[in-house]
Structure formats: structure tokens, C-alpha cells
Amino acid sequence: DYDLGDGTIVQERWCGTCKLWRPPRAAHCYTCQRCFLRYDHHCPVVGNCIALGTHRFFTLFLLTAGVAWTLAAVGAFRRLLQLGVFSGGPEWRKDSVGSAVALLFIFELISV
């Protein structure tokens, strides 16, 4: 414990794994075996911890993935409209590519 000078007392916690004192708002990641300041979570998709230095990159990754998913969904929907899936036309049943696109579109909707 130490005083910041204005009467505020800050408590540090001991990390038994890293063998060091952790400042406030720091946490230990048991996947990476390290302590991180402003630790949020360990993301298995990107393969690292989301903490103080990686928040903006993780936000950019989420934004990019969202835009890519939206563009893919719009493209699949436009292709399904071209094939006449929503108008009941029999052409899409003959076209194996159209069937694959329809299944892909349905999969994308489920994946959200």
C-alpha cells in the first residue's frame, strides 16, 4: 500500500505466478502466463490478450470483420435475388452454384 500524496491509498496485489506486485486494474492471464495493465480478456480468435496496448487494434479488427460480414451478406442477398430464390423461380434449384450461395447466405445469418 502506498499514498499518492493527496490522501488516496492505493493497494497493490501480489501475483504468485509472475512473482511481482500488480498495480490497480492489472490482471493475470493464465493462457499467456503474464500480467497485463487494463486487462480485458484473452481472445482465442486473434491469439493474444486484449489489454492496454491492444484495445484500438482489437476494435479495428471487430470493425473490419463487421464490415466484411455485411458486404458478404449483401452480396449473397443480391445473388439470391438474381437467381429468383425469393420469387419462387425454379431456376435456382437447377443451379448448383445458386444452391451453394443460398446455403452460404443462410449460414451467414446463423453465424451472427
Side-chain angles (χ1 to χ4, degrees):
D1 296 353
Y2 59 91
D3 190 1
L4 293 179
D6 61 355
T8 307
I9 296 176
V10 177
Q11 278 189 329
E12 290 187 337
R13 294 175 290 166
W14 177 256
C15 178
T17 307
C18 295
K19 305 288 191 253
L20 54 87
W21 289 99
R22 288 188 295 192
R25 299 180 66 194
H28 185 83
C29 176
Y30 292 100
T31 306
C32 296
Q33 295 298 318
R34 289 183 51 199
C35 284
F36 292 95
L37 191 60
R38 284 186 52 199
Y39 176 76
D40 190 293
H41 69 283
H42 182 86
C43 182
V45 175
V46 295
N48 65 355
C49 289
I50 308 306
L52 178 66
T54 57
H55 279 146
R56 74 185 109 166
F57 300 113
F58 186 67
T59 304
L60 185 62
F61 166 72
L62 291 178
L63 182 66
T64 304
V67 168
W69 185 92
T70 303
L71 289 174
V74 167
F77 184 73
R78 289 185 60 180
R79 178 66 177 143
L80 292 175
L81 281 176
Q82 286 176 349
L83 294 172
V85 171
F86 302 113
S87 62
E91 302 146 7
W92 77 278
R93 291 188 185 102
K94 297 176 194 171
D95 185 13
S96 62
V97 174
S99 299
V101 170
L103 290 174
L104 177 66
F105 182 70
I106 291 168
F107 175 74
E108 279 195 43
L109 290 178
I110 292 171
S111 70
V112 173

*asked:* Once ring pair (Phe, Tyr, Trp, His ring centres under 6.0 Å) is applied, do any residues pair with His42, and if so which ones, sequence neighbours excluded?
replied: none

*asked:* Connecting only ILVMFWY residues whose side-chain heavy atoms lie within less than 4.5 Å of each other, what is the rest of Phe61's hydrophobic cluster?
replied: Val45, Val46, Ile50, Phe58, Leu62

_Nearest non-hydrogen partners of Cys29 and Cys32, listed with the distance_ = SG-N, 3.4 Å

*asked:* For His28, give me all partners under side chain to side chain contact (heavy atoms under 4.5 Å, CB included), at least two apart in sequence or on another chain.
replied: Cys15, Thr17, Cys18, Arg22, Tyr30, Gln33, Cys35

_Suppose the criterion is side chain to side chain donor-acceptor pair (under 3.5 Å): which pairs have a residue in residues 50-63, not counting sequence neighbours?_
Arg38-His55

*asked:* Has Arg13 got a side-chain atom pairing as donor or acceptor with Ala27's backbone, closer than 3.5 angstrom?
replied: no

*Hydrophobic cluster (4.5 angstrom, side-chain heavy atoms) - remaining members for Tyr39*: Phe36

*Who else is in Leu52's hydrophobic cluster (ILVMFWY, side-chain heavy atoms under 4.5 Å, direct or via others)?*
Leu37

